[in-house]
Amino acid sequence: MHTFPSGITPSCPIRTTLEMLGGKWSLLVLNQLVGGPLRFGELYRLLPDISEKVLVQELKQLANAELLVRTNHGEVPPRVEYHLTPLGRQALPVLAATAEFGRIYAEHIQAGRPQQSIG
């Protein structure tokens, strides 16, 4: 089991990670880009239940955080693609761990195991 320092400060690495990846859609967007660049319409179709407005905001936030890059190819009609940066690829283990936890949690709930008390 991993242990982490208990002091939560403004520069705490866990806080920083949550600020970058803690949004409802952040990891889902990054997950779609693992296979390579995608256009806005492709991302929109791959992310059920997201609105266009929220996707625009999420892409802008991830680009500002330097986790993905927006490339405008300067063509007519416009062709804009999004792809992960090397820093964005560093988030992939977080994505993998989150997916694994979700799988384990779903199996636990489906098995009908009673929740263990804390303390």
Side-chain angles (χ1 to χ4, degrees):
M1 176 176 246
H2 298 292
T3 58
F4 302 100
S6 60
I8 303 296
T9 65
S11 61
C12 168
I14 294 171
R15 179 181 265 178
T16 300
T17 302
L18 287 174
E19 287 174 4
M20 295 299 103
L21 303 175
K24 178 178 178 179
W25 297 101
S26 300
L27 290 176
L28 296 172
V29 169
L30 294 178
N31 183 59
Q32 295 305 320
L33 295 172
V34 168
L38 292 172
R39 296 175 73 173
F40 181 89
E42 294 169 315
L43 280 167
Y44 183 66
R45 282 188 295 281
L46 291 168
L47 296 165
D49 304 324
I50 194 170
S51 70
E52 286 187 35
K53 178 183 175 185
V54 170
L55 180 56
V56 166
Q57 291 170 342
E58 195 65 42
L59 291 168
K60 194 175 289 188
Q61 177 186 349
L62 291 167
N64 288 340
E66 300 180 16
L67 299 178
L68 62 80
V69 170
R70 178 185 189 271
T71 303
N72 185 341
H73 293 277
E75 299 174 356
V76 177
R79 183 169 64 103
V80 176
E81 293 179 323
Y82 297 89
H83 64 89
L84 294 177
T85 64
L87 185 60
R89 292 204 169 276
Q90 291 294 312
L92 297 182
V94 175
L95 175 64
T98 302
E100 179 64 8
F101 174 78
R103 185 191 64 74
I104 290 168
Y105 183 78
E107 287 176 3
H108 174 80
I109 295 303
Q110 289 173 355
R113 296 186 182 115
Q115 291 183 350
Q116 298 176 355
S117 63
I118 298 174

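Computed from a predicted model, the values in this text were never measured in an experiment.
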In a table with atom names and distances, give each donor-acceptor pair under 3.5 Å that connects a side chain of residues 40-52 to protein atoms at least two apart or in another chain.
{"unit_1": "E42", "atom_1": "OE1", "unit_2": "R39", "atom_2": "N", "d": "2.6"}
{"unit_1": "R45", "atom_1": "NH1", "unit_2": "G41", "atom_2": "O", "d": "3.3"}
{"unit_1": "S51", "atom_1": "OG", "unit_2": "V54", "atom_2": "N", "d": "3.1"}

The complete set of side chain to side chain donor-acceptor pair (under 3.5 Å) pairs with one or both residues in residues 19-35, sequence neighbours excluded, reads S26-E58
Pairs in or reaching into residues 70-89: which pass salt bridge (Lys or Arg N to Asp or Glu O under 4.0 Å), with residues at least two apart or in two chains?
E75-R79, R79-E81
Determine whether L18 and L68 fall in the same hydrophobic cluster, where Ile, Leu, Val, Met, Phe, Trp and Tyr are linked whenever their side-chain heavy atoms lie under 4.5 Å apart.
no
Shared hydrophobic cluster for L87 and V29 (ILVMFWY, side-chain gaps under 4.5 Å)
yes
When rounded to the nearest 0.5 Å, the distance separating CD1 of I104 from NE2 of H108 is 11.5 Å
Quick one: list whatever passes side chain to side chain contact (heavy atoms under 4.5 Å, CB included) with L21, sequence neighbours left out.
T17, L27, L30, L67, A91, V94
Those residues that, when tested against T71, pass side chain to side chain contact (heavy atoms under 4.5 Å, CB included) (two or more places apart)
V69, H73, H83
